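Everything below concerns the one structure shown next.
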Amino acid sequence: MSRKPELTTLCYIEKDNKYLMMHRVKKEKDTNKDKYIGVGGHFEYGESPDECLLREVREETGLTLLEYKARGIVTFIYGDKNRPEERIVEYMHLYTATEFEGELIECDEGELEWIDKSAVYELPIWEGDKIFFRLLEERDDYFSLKLVYTETDELIETEIN
C-alpha cells in the first residue's frame, strides 16, 4: 500500500532585496536539519493553500502577510526508487510575499534570518531549492517543478513545466 502525499506551503518573505529564511537548527529529527529554508508547513485538514500559508507564517514568524503571491507547485519525491511504495511524495505550494505587518517572534523550529538574495546560493540549502530560486528570479508566471531525491538526499531528476 502506498502512502498518502504530504501537502505543504513554503513562503519566501521579501524585504530590502532579502528573503526571510529559517536556519533549521532547533529540532534533532528534522528532514531540513542545518539547512536554510523559507517559512511554512503542513496543511491542517480542510485548509486551502492560502489558509495554510497565512497560519504557518503567523505561527512561525509572528507576521501577518498583507500581500503574497502563489508562485508555483513543487512536487518532491524522495526515497529508494526500488521501493516506490515507500517513497515520500510532497506537493509544496510555493509563495512569495512582499507586504506584512507585525514583529518577528522566536521560532521553535529554527533561527529566522534576513538573507541577501545574492547570498542564498552560498547557504546550505537543498540542491532543488537552487532551481526554484532561479525560477523565482527569472519568471513571473506560475510554474510546476518536480524534484526527485534518493534516500541519501541526492537530487536525481528534475522536471519543469
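Remember, predicted model here, so these are calculated numbers, not experimental data. Computation of the quantities below employed the complete heavy-atom set of this structure, encompassing side-chain atoms and omitting hydrogens, waters and symmetry-equivalent molecules.
One hydrophobic cluster, built from ILVMFWY side chains closer than 4.5 Å, cannot hold both Y95 and V74; they sit in different ones. The hydrophobic clustering, which links ILVMFWY residues whose side-chain heavy atoms are closer than 4.5 Å, places I88 and L145 together.
The side chain to side chain contact (heavy atoms under 4.5 Å, CB included) test with Y68 singles out one residue from V57, D50, T96, and that residue is D50.
When ring centroids are compared, F133 and Y12 come within the 6.0 Å threshold.
Counting heavy atoms from C-beta on, the side chains of K69 and R71 come closer than 4.5 Å. In this structure, the side chains of L20 and L63 come closer than 4.5 Å at one or more pairs of heavy atoms. I125 places a side-chain heavy atom less than 4.5 Å from the side chain of K130. Contact check for I73 versus Y142: side-chain heavy atoms found under the 4.5 Å cut-off. For the pair S48/F43, no side-chain contact is recorded, criterion being any heavy-atom separation below 4.5 Å from C-beta on. When side chains are defined from C-beta on, T31 does not count as touching F76, because their heavy atoms never get closer than 4.5 Å. The shortest distance between side-chain heavy atoms of D153 and Y78 does not fall below 4.5 Å. Between K35 and D129, the closest side-chain pair of non-hydrogen atoms is not below 4.5 Å.
Comment: K18 does not engage D16 in a salt bridge, judged by the lack of any side-chain N to carboxylate O separation of less than 4.0 angstrom. A salt bridge between R87 and E151 is absent, with no side-chain N of the basic residue lying under 4.0 Å from a carboxylate O of the acidic one. A salt bridge between R55 and E59 is present, with a side-chain N of the basic residue lying under 4.0 Å from a carboxylate O of the acidic one.
The CG atom of D34 lies 12.5 Å from the CG atom of L123; values are rounded to the nearest 0.5 Å. From E154, atom CD reaches atom CD1 of I156 across 7.0 Å, with rounding to the nearest 0.5 Å.
Residues meeting the salt bridge (charged side-chain N to carboxylate O under 4.0 Å, His left out) test with E14, sequence neighbours left out: K117.
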